[in-house]
Every structure is written in C-alpha cells, then in structure tokens.
Amino acid sequence: NFNDFHGRIDDGLALTGKLGKDFACTIETAKTTLGDAQTVLLSAGDNIGASSFASSVASDEPTLKYLNALELKTSAVGNHEFDRGFSDLTGRVDALADFDYLGANVYQRGTTTPALKEYSIQTVNGVRVGVIGAVTSTTPTLVTPTGVSGLDFGDPVEAVNRVAAQLTDGDAVNGEADVIVAEYHEGAATASSLADAQAATKVFSRIVTETSPKVDVVFNGHTHMLYQWDIAGGTG
C-alpha cells in the first residue's frame with residue numbers, strides 16, 4: 001500500500017528509512033519476493049494533484065500510466081483527485097486509470113446515493129479482499145468549491161462501517177469479503193505515539209476507536225505522516 005504519491009515521477013522517488021530504493025523497484029521487488037499471485041497493490045489516495053512538473057504539465061496522465069504499469073488495483077479517492085473537479089475525475093481520469101477510485105462517503109448532493117464506487121473486491125490467492133475507500137470530509141474546503149458543488153462528503157468512519165457490514169452480512173448479492181481493508185484518505189497529525197495522535201486529531205481518534213471490528217486492516221493517507229501501530233489485536 002502507498003499514499004499521497006502526488007505524481008512524483010521525476011525525482012528518483014527515493015524512499016526514506018530502510019527501503020532506500022526507487023518506488024517502482026520497491027514494489028516490484030516485493031511482488032517478486034512474495035509472489036504476484038499473493039500480492040495486491042493498493043493506495044489511500046492523492047495519487048495525482050499537487051504533482052511534480054513532469055506530471056502536472058500533462059495533467060497527470062504520465063502518473064496514471066505509471067501506476068497502471070505497476071498494476072495498481074484500486075485506490076481511495078483523495079482530495080487532490082478533485083482538483084480539476086468531479087467531472088474530470090469521473091471522466092478523463094477514470095478513462096485513463098486501469099484501477100478503480102473508491103469513495104464510500106462521497107454522495108450526490110442532498111442524498112445518501114453514492115457518487116463513486118464504494119468498494120472493490122480483489123481476489124488474492126483465493127482470498128476475497130474487500131477494499132473500502134473514504135476521503136476526508138474536509139475536501140470541499142481544499143479544492144475549488146464549484147468542482148464539487150454537486151457532492152456531499154459525509155463521515156468517513158460511518159461510511160466504512162456501513163460498507164463493512166454489507167460485505168459481511170452473508171448476502172452474496174451485495175458483495176462478500178473474507179478480509180476487509182479500509183483505505184482512509186485521512187490520518188494522524190503526529191507520529192510520536194498513538195496516544196498523542198489520538199489526542200491531536202479527533203477524526204483520527206475516531207478511526208482508531210470507532211472503525212468496525214469487521215475491518216481487518218486500516219491504511220491512512222492525507223497527512224503525510226509515517227507510522228504503524230497495533231490496535232486491538234490488529235494493525236493500524
């Protein structure tokens with residue numbers, strides 16, 4: 001999983017910490033080591049937007065082609081995916097991307113009707129992995145308002161929990177998953193400790209304490225923080 005890629009296709013993509021390798025090389029090495037059939041590449045959003053010049057000059061088409069080549073399977077929508085407006089996301093961007101963009105908490109204005117796909121089922125080595133995407137509810141304050149004027153951005157935790165319940169209700173008609181991954185384009189404002197992160201950001205605290213136990217794995221994005229914590233027997 002990765003997050004907040006922001007079209008960084010021209011600066012070596014060097015990663016900090018122990019990896020220290022090119023982004024694509026790191027992903028391909030992991031796939032080779034673990035086996036393609038046993039891996040799936042996911043994202044927590046902001047793949048495009050606020051991009052480096054080599055990508056932004058071509059409206060992020062190079063980045064979408066780059067992620068297609070890496071076989072990204074599905075991604076939460078980030079606030080920057082709305083930089084050019086909802087119609088650009090659902091038109092041009094969707095047409096260029098070989099992967100699904102997910103936004104379970106993005107609704108048609110004044111309704112509870114989803115404006116985007118809420119989840120994606122990825123079969124990995126025979127296991128049905130349900131991926132649910134949600135974006136920060138502050139998105140309308142982060143992009144040009146007219147571009148999202150027909151949308152409401154609801155509570156991300158409530159949306160993830162609603163879809164997680166659907167994917168585990170025993171009804172194959174509305175989708176069933178063996179494992180559920182929540183991709184929140186939202187996260188902690190500090191990485192010093194879990195307690196500090198919860199104290200600093202209400203929405204992150206709610207992700208920790210209120211995300212349904214039906215969710216097995218939580219990935220975050222948006223805040224550009226590096227952290228990993230074990231929560232209630234799982235990993236967040």
Side-chain angles (χ1 to χ4, degrees), residues 2-9 42-64 67 72 74-97 99-120 131-163 182-190 197 200-207 210-211 218-225:
F2 64 93
N3 60 278
D4 295 87
F5 184 74
H6 290 297
R8 294 301 191 263
I9 59 172
L42 308 173
S43 169
D46 275 7
N47 305 312
I48 59 175
S51 304
S52 56
F53 179 77
S55 183
S56 64
V57 72
S59 302
D60 281 319
E61 182 174 343
T63 291
L64 294 168
L67 297 178
L72 176 61
T74 195
S75 173
V77 67
N79 54 286
H80 278 287
E81 266 77 22
F82 294 93
D83 281 352
R84 295 174 180 265
F86 182 62
S87 60
D88 181 71
L89 170 62
T90 57
R92 182 186 67 88
V93 172
D94 271 353
L96 289 169
F99 51 91
D100 293 324
Y101 268 118
L102 311 175
N105 66 322
V106 183
Y107 307 103
Q108 296 176 17
R109 175 61 61 87
T111 75
T112 56
T113 303
L116 292 170
K117 190 172 180 180
E118 299 176 292
Y119 69 91
S120 175
V131 185
I132 307 169
V135 63
T136 176
S137 62
T138 65
T139 295
T141 70
L142 302 172
V143 300
T144 303
T146 54
V148 295
S149 60
L151 304 175
D152 287 330
F153 291 81
D155 186 304
V157 178
E158 288 181 1
V160 165
N161 289 350
R162 171 177 53 78
V163 179
E183 295 278 357
Y184 284 106
H185 190 74
E186 185 61 276
T190 178
T201 312
K202 182 178 180 180
V203 66
F204 176 74
S205 184
R206 291 191 57 238
I207 289 173
E210 297 179 27
T211 296
V218 171
F219 288 116
N220 286 173
H222 188 50
T223 57
H224 296 202
M225 291 284 163

Min side-chain heavy-atom separation Phe204-Thr223 under 4.5 Å: no
Note, Leu64 side chain near Phe99 side chain (heavy atom, < 4.5 Å): yes
Heavy-atom closest pair, residues Ser137 and Gly154: CB-O, 3.5 Å
Shortest non-hydrogen separation from Thr90 to Asp94 and the atoms involved: CA-OD2, 3.5 Å
Residue pair Leu151 / Arg109, side-chain heavy-atom distance below 4.5 Å: no
Donor-acceptor pair between His185 and Asn3 side chains, under 3.5 angstrom: no
Contact check, side chains of Tyr119 and Thr74, non-hydrogen atoms, under 4.5 Å: no
Side-chain heavy-atom pair Ile48, Glu81 within 4.5 angstrom cut-off: yes
Donor-acceptor pair, side chain of Asp83 and main chain of Val143, under 3.5 angstrom: no
Verdict with reasoning, Asp155 to Arg206, per salt bridge (charged side-chain N to carboxylate O under 4.0 Å, His left out): CA-CA 10 Å; Asp155 186 304; Arg206 291 191 57 238; 2.8 Å; yes
Thr136 side chain to Thr138 side chain, donor-acceptor N/O pair below 3.5 angstrom: yes
pair Leu102-Leu116: side-chain heavy atoms closer than 4.5 Å: no
Smallest separation among heavy atoms of Gly45 and Ser75, with atom names: N-OG, 3.7 Å
Heavy-atom side-chain proximity of Leu72 to Phe5 below 4.5 angstrom: no
